[in-house]
Novice: 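Quick one: structure below, then a few questions.
Start at 1 and go down the list; that is how both ligands and their atoms are numbered. Keep in mind that what you see is a predicted model, and the values were worked out from it rather than measured.
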Amino acid sequence: MNSSQAAPAESSAPPVAVHKVLTGQKALVTGANSGIGKAVAIGLGQAGADVVVNYVADDAAADAVVEEIRKSGARAYAYKADVSSEDQVAAMFARMMREFGTIDILVSNAGLQRDSALHEMTLAQWNTVLNINLTGQFLCARQAVQEFLRRGVVPSVSSAAGKIICMSSVHQEIPWGGHVNYASSKGGIKLLMESMAQELAPKRIRVNAIAPGAIRTPINTSAWQTKAAYDALMTLVPYGRIGEPEDIARAAVWLASDHSDYVVGTTLFVDGGMTLYPGFSTGG
Ligand code: NAD
């Protein structure tokens, strides 16, 4: 794919995981009925984990993800909960303890944008993004860590007492005018993740983040749906193609597995080189 071509059709990607590196593990993925979270949930299932598919709207889409996970032999169910609600998050984890008995992997992925120029941004737009993208990660991590600490390491399952993967963004690094609420939430996730990692590593809990670049999902259709938009986007992506949700899912499976057992407090950028500041390749 080069920048003179329009956006390709949805990929028919090969399976994200071909080895059952997560057999016996229990995972919760938030915002798992669309885009990146959907691919991550299916990928974790292909890797052998049982998966809770969290979502907040669109029952049918969540059920379809559950069906897809079950095809790989893993257990799965959908659970509707708003990650910014303390009560709903607590109830979601209580149900998971009843259904699956424990949690080994949390992928805090739910997120959204409410874009506006700063001078026109409402407090509601600010609060919605911070509450879901950042506070939601705190609420889910707190619940997961309580269970990780209670249970500790089970060596036959994993070398770690638990793994948390925070879905961040290249905008934890790259300032983003017109999106100050979103960029602030992702900047917050960076230090939430690193501080949790520092605090919890002695308990053998691994906390890491993935920072996607431009991934083809419903959150950013305006950035890739037309040829003009896609070509403009490619000026920001040295690798010359948009990312697919499966690119993120493969990273998530690795970060959740013992293959990354010595990876603690790291942000893995999966961005086709977007954070290499390609505008400086010929100038600056
Ligand atoms: P998406 O819109 O396809 O998916 C977002 C998911 O979050 C949906 O399932 C939605 O239902 C869920 N969600 C929203 N509010 C929620 C709430 N209150 N409670 C529970 N779930 C809720 O978008 P996506 O691109 O798949 O985004 C997933 C994550 O990846 C987000 O955190 C986003 O910031 C991040 N991200 C995406 C890109 C990209 O290019 N697509 C780039 C960087 C980071």
Side-chain angles (χ1 to χ4, degrees), residues 7 10 28-43 51-66 78-89 91-93 106-115 125 127-140 165-174 176 179 181-190 192-193 209-225 229-230 233-234 236-237 241-249 251-252 267-272 274-275:
E10 195 85 36
L28 168 63
V29 183
T30 66
N33 68 343
S34 177
I36 290 171
K38 172 181 173 179
V40 168
I42 292 169
V51 185
V52 180
V53 174
N54 162 254
Y55 69 106
V56 75
D58 195 347
D59 298 355
D63 291 343
V65 176
V66 166
Y79 191 92
K80 185 173 187 170
D82 176 349
V83 295
S84 68
S85 160
E86 185 174 26
D87 292 347
Q88 291 181 37
V89 169
M92 175 166 68
F93 276 81
L106 167 66
V107 182
S108 266
N109 165 80
L112 45 62
Q113 295 177 210
R114 291 288 181 268
D115 305 331
Q125 286 174 312
N127 282 339
T128 297
V129 171
L130 270 291
N131 288 345
I132 293 169
N133 293 15
L134 183 57
T135 306
Q137 295 227 4
F138 158 69
L139 291 172
C140 291
I165 299 167
C166 303
M167 202 58 68
S168 184
S169 164
V170 290
H171 295 296
Q172 74 169 39
E173 295 292 333
I174 304 175
W176 205 17
H179 310 258
N181 46 1
Y182 184 85
S184 300
S185 73
K186 297 301 184 180
I189 287 170
K190 175 181 189 290
L192 171 66
M193 181 280 285
I210 297 172
I215 311 298
R216 187 204 312 272
T217 76
I219 208 174
N220 59 0
T221 42
S222 63
W224 51 262
Q225 239 175 2
Y230 189 82
L233 181 65
M234 285 308 104
L236 303 175
V237 184
R241 71 164 172 88
I242 194 168
E244 304 294 345
E246 290 76 16
D247 289 308
I248 307 303
T267 297
L268 181 53
F269 286 82
V270 184
D271 68 354
M274 187 178 258
T275 39

Novice: Taking non-hydrogen atoms only, is Asn220 closer than 4.0 angstrom to ligand 1 via side chain, backbone, both or neither?
Specialist: side chain

Novice: Heavy atom under 4.0 Å from ligand 1: found in Arg216's side chain, backbone, both, or neither?
Specialist: neither

Novice: Would you mind finding which of Ser34, Ala39, Gly111 brings a heavy atom closest to atom 7 (O) of ligand 1?
Specialist: Gly111

Novice: Work out whether the distance between some heavy atom of Ser168 and some atom of ligand 1 is less than 4.0 Å.
Specialist: yes

Novice: With a sphere of 6.0 Å drawn around NZ of Lys38, does it hold more than 12 non-hydrogen atoms of other residues, nucleotides or ligands?
Specialist: no

Novice: Measuring from Tyr182:OH to Ile219:CD1, what's the distance to the nearest 0.5 Å?
Specialist: 5.0 Å

Novice: Are any of the heavy atoms in Ala223 under 4.0 Å away from ligand 1?
Specialist: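 Outside the 4.0 Å threshold, so no.
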
Novice: With backbone taken as N, CA, C and O and side chain as the heavy atoms from C-beta onward, which portion of Asn54 lies under 4.0 Å from ligand 1: side chain, backbone, both, or neither?
Specialist: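 Side chain only.
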
Novice: May I ask which of Asp58, Asn33, Asn133 has a heavy atom nearer to atom 9 (O) of ligand 1 than the others do?
Specialist: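 Nearest option to atom 9 (O) of ligand 1, by heavy atoms: Asn33.
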
Novice: Is there a donor in the side chain of Asp87 and an acceptor in the side chain of Ser85, or the other way round, less than 3.5 Å apart?
Specialist: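 There is no such pair between these side chains.
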
Novice: Is ligand 1 less than 4.0 angstrom away from at least one heavy atom of Gln113?
Specialist: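 Outside the 4.0 Å threshold, so no.
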
Novice: Is it the side chain (CB and beyond), the backbone, both or neither of Ser84 that lies under 4.0 Å from ligand 1, heavy atoms counted?
Specialist: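 For Ser84, there is no contact with ligand 1 at all, from either part.
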
Novice: Do any heavy atoms of Pro218 fall under 4.0 Å from ligand 1?
Specialist: yes

Novice: So, are Lys80 and Asp58 salt-bridged, with charged N and O less than 4.0 Å apart?
Specialist: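 No, this pair does not count.
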
Novice: With heavy atoms only and a cut-off of under 4.0 Å, state how Asp82 meets ligand 1: side chain, backbone, both or neither.
Specialist: both

Novice: Which bit of Ala81 gets closer than 4.0 Å to ligand 1, counting heavy atoms only: side chain, backbone, both or neither?
Specialist: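 Backbone only.
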
Novice: Between Val83 and ligand 1, which residue portion shows a heavy-atom distance shorter than 4.0 Å: side chain, backbone, both, or neither?
Specialist: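 Both backbone and side chain.
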
